J.: 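My questions will all concern the structure given below.
Given the structure is predicted, the values throughout are model-derived calculations rather than measurements. Order of the sequence lines sets the chain letters (A, B, ...), proteins ahead of strands, with each chain counted from 1.
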Amino acid sequence: MTTEAEKPKLAREEILLRTILDFQEGWLVNLGSGLPSYIANYCSPERNVVFHAENGVVGMGRMATREEVNINLTNALAQHILLVPGASIIDHVDSFALVRSGRLSATVMGAYHVASNRDFANVSRDPNVGGSGGGAMDMARNAQRVFIVMEHVSSEGQPKLLKRCTLPLTCPGVVTRVFTDLGVFDFGEDCFVIKEIAPGWTVDEVRALSEGDIVAAPDLKEIDLKALHEAIASDG
Amino acid sequence: MTTEAEKPKLAREEILLRTILDFQEGWLVNLGSGLPSYIANYCSPERNVVFHAENGVVGMGRMATREEVNINLTNALAQHILLVPGASIIDHVDSFALVRSGRLSATVMGAYHVASNRDFANVSRDPNVGGSGGGAMDMARNAQRVFIVMEHVSSEGQPKLLKRCTLPLTCPGVVTRVFTDLGVFDFGEDCFVIKEIAPGWTVDEVRALSEGDIVAAPDLKEIDLKALHEAIASDG
Amino acid sequence: MINKVVQTMDEAVSGIPDGATVMIGGFGSGIPYNLIAALHRQGAKELTVIAVNATTMNRTDIGFLEREGRIKTLISQAGDGRYPGIPQGTMVERIRAGGAGVPAFYTPTGVGTLLAEGKEHRDFNGRTYLLETALTADYALIPAWRADTFGNLQFEYTQRTINPTMARAANQTIVEVEEMVEGGELDPSFIHCPGVFVSQVVKIPPEPEGFHGRPLNIAGVPTRSRLGTRGV
Amino acid sequence: MINKVVQTMDEAVSGIPDGATVMIGGFGSGIPYNLIAALHRQGAKELTVIAVNATTMNRTDIGFLEREGRIKTLISQAGDGRYPGIPQGTMVERIRAGGAGVPAFYTPTGVGTLLAEGKEHRDFNGRTYLLETALTADYALIPAWRADTFGNLQFEYTQRTINPTMARAANQTIVEVEEMVEGGELDPSFIHCPGVFVSQVVKIPPEPEGFHGRPLNIAGVPTRSRLGTRGV
């Protein structure tokens, strides 16, 4: 935890932009609460990615402006949203039927802890008191891919990429990929594999802010922020 | 089986008319295949009885005439029907969810056998081969009342009110009331209790055409066909 | 068909006794603010409340009921230390089971978590599932966008959520609606909840009865944005 | 969103291989006559067919597939001596479970009958239930009344039946539709089946491709009777 304060990390928006690049045409993607819920604001309809909100939206668009608010149209966080053309509304039960039956190409959510055995925790900050995490357990257990989007260390400066989670699990053994403000992480044999790294950072510097083992991918590359902004801007 | 051929029994239509008199305002009633499916033709909307067809109709009306046919509007037997004002369509799953959750005030269906222990059989004429009877098992097991509407003896002259069913059961122990062309039957301790009898018939004559024990209700009365026709006619 | 219309929110909830089990609808949107306020005024206590939405208690008025000690048991998807919490998908499926005559079902959700402790685990086709049981209620309080006088309901957008499902899972369902039309005026093919599942329907008055002056709509902004043709 | 439109029934079913499990929709109404005819022409065999409607086989053209020996296994609600039969409510709930990620559930239906023999019995709250398992498929063939180009579907009246449920239970769903509109033209609040559950959608041609010249509509009578307003 040495150079942390001095070097720039990815901005929150940039973590989201990098996550969007992983979405493939035709995917159905659930956006979790917090940071991920803003992904629909940045991802253009031309990508042909359909966003799901678990309260029953298939085809969620960006957040509504004050003038666009309809009290009967929100996401699962009660944020006022718009729909994209071709959207449809389903009921709450049907929405989770969709989730459980494995229709989600990916779910994107935040986490307090991610472990190198693909476990993750985002339901409770109290090690002794569990929680349901709303729909997080449903999404995590049943989506085809679990993408975690988060800051690399906690607001108290503690590592969040761990050997083992010490908070109550949301779901064991399911995380596919982690996007943080320091890089993009896949998984190896009980380790994280860093595939992309924030500009100016070294793997050892990332390791210093992590507890779980971090292995550098053979094709490790630096995240090109300029290209990232351009790729997303071209959406619009 | 002595006087059977000579005495008039209730006409099929009259069995249906008598059945309708049992319906109370606000009831939701499923109409089974065969004879019961025509009940909606005779029962006026003013009775405020809502008819259910298990393919997903809540508020089934009479059969459609040739000019009224819509290929996308049938009952569960593929008979073209109309809807009453205020009807709604639900899907097939929701329709049986309604049935299983006990929402049906009554189900009306035919039977090959009804036994004095309230068992009945209408899924198969082969004692060794069962069948599902379509939705009959669902309706019989879960409706608040099971009304059986049938001729008192089979087309081969065999009794259908039995001590015990010898055909595969649709559901054990559920029949509430039986309407035949010879009378209206409730149940006592392993016996049928005849509550109303066809004009001109004696209880012994009905017993002769039954196998199960028949007990006469203290208030046994003769069915008043004239009043029956008038009561229903006033619906129209 | 039976006319289900009653005139006031207070009349609609007047029959709810102490100790009743009450489902309260909505999640994010679709919350029956006026009926919750009426239930608050009505005074019933020792209630068992089943609400997916209770995470946002302060915003739903369920919180008012709770702070006054009127809720004996709260069954909700989110735990807060006092309540254990239920995965949201499991919770809504349990309500669905209640209205579908299914006493119990298996779900993959929650396996390997604290919430699975003490639950029956069972494998089907090589995957592990948990047994979960149905939820039913004496009453459901829900909103709808449009009703006919027979209680047939339509919901707008995400106002729908768990509401039509609660109507099926409760013995009696009381509905507050934005618009009321004559019985038979709604297209039978596009009714989200048939009137047979509805006991009482009340039109929301022009000046909402919202608890503590809560506005039904957000002041100063349009309440509708139309993003597609409605029906035909 | 992805455009799901294909031009012909034959193209739509061309990918169905021998040995596939195929759900075929409808019950009384809502039967995909044109897709069944195309499947017949296509030649796939050793099929497992799941159809609630197979009691009326002669009228649905599933009978043609069967008489030619193309069906290895038929799963249907009505037994005919060769097939054991499934209570209709249990059958549709099993399909629903397949599309809902529920591997098994309990139902009261069938207890005390021949169909309960060999099944797991279990009591909940003093009542006995049977365990039943989910049904899923590789393909579903269904009709719809109206689709947009993204595959969002609306059904008219009892055309709906099991069709939106099969779309959810099958890996790929192929739809024949009476009317086609541009993507986004349907009201999002009144879509019976979202396009994410649909793989391909084909408009029924003016002259139906019905097998053996079967007319899609009954000759000489109007195909529509309007009994209520549609939507708004």
J.: Can you say whether Arg127(C) sits under 4.5 Å from chain D via the side chain, the backbone, both, or neither, judging by heavy atoms?
T.: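 No part of Arg127(C) comes within 4.5 Å of chain D.
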
J.: In Å and rounded to the nearest 0.5 Å, what is the CG to CZ distance from Leu131(D) to Phe105(C)?
T.: 13.5 Å

J.: Side chain to side chain contact (heavy atoms under 4.5 Å, CB included) between Phe190(D) and Phe155(C): does it pass, once the steps are laid out?
T.: CA-CA 9 Å; Phe190(D) 294 97; Phe155(C) 301 95; over 6 Å; no

J.: Using heavy-atom distances under 4.5 Å, tell me whether Tyr129(C) contacts chain D through its side chain, its backbone, both, or neither.
T.: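 When you check distances to chain D, only side chain atoms of Tyr129(C) fall under 4.5 Å.
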
J.: Atom NE2 in His192(D), atom NE2 in His192(C): separation rounded to 0.5 Å?
T.: 7.0 Å

J.: Using a cut-off of 6.0 Å, state whether more than 12 heavy atoms not belonging to Asn125(D) lie near its atom CG.
T.: no

J.: Let me know if Gln159(D) has heavy atoms under 4.5 Å from chain C in its side chain, its backbone, both or neither.
T.: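 Neither part, no heavy atoms under 4.5 Å.
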
J.: Look at the side chain of Ser189(D) and the backbone N and O of Tyr157(C), then say whether any donor-acceptor pair between them is shorter than 3.5 Å.
T.: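 Yes, because the side chain of Ser189(D) sits within donor-acceptor range (under 3.5 Å) of the backbone of Tyr157(C).
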
J.: For Gly101(C) versus Pro108(D), what's the shortest heavy-atom pair and its separation?
T.: O-CD, 3.5 Å

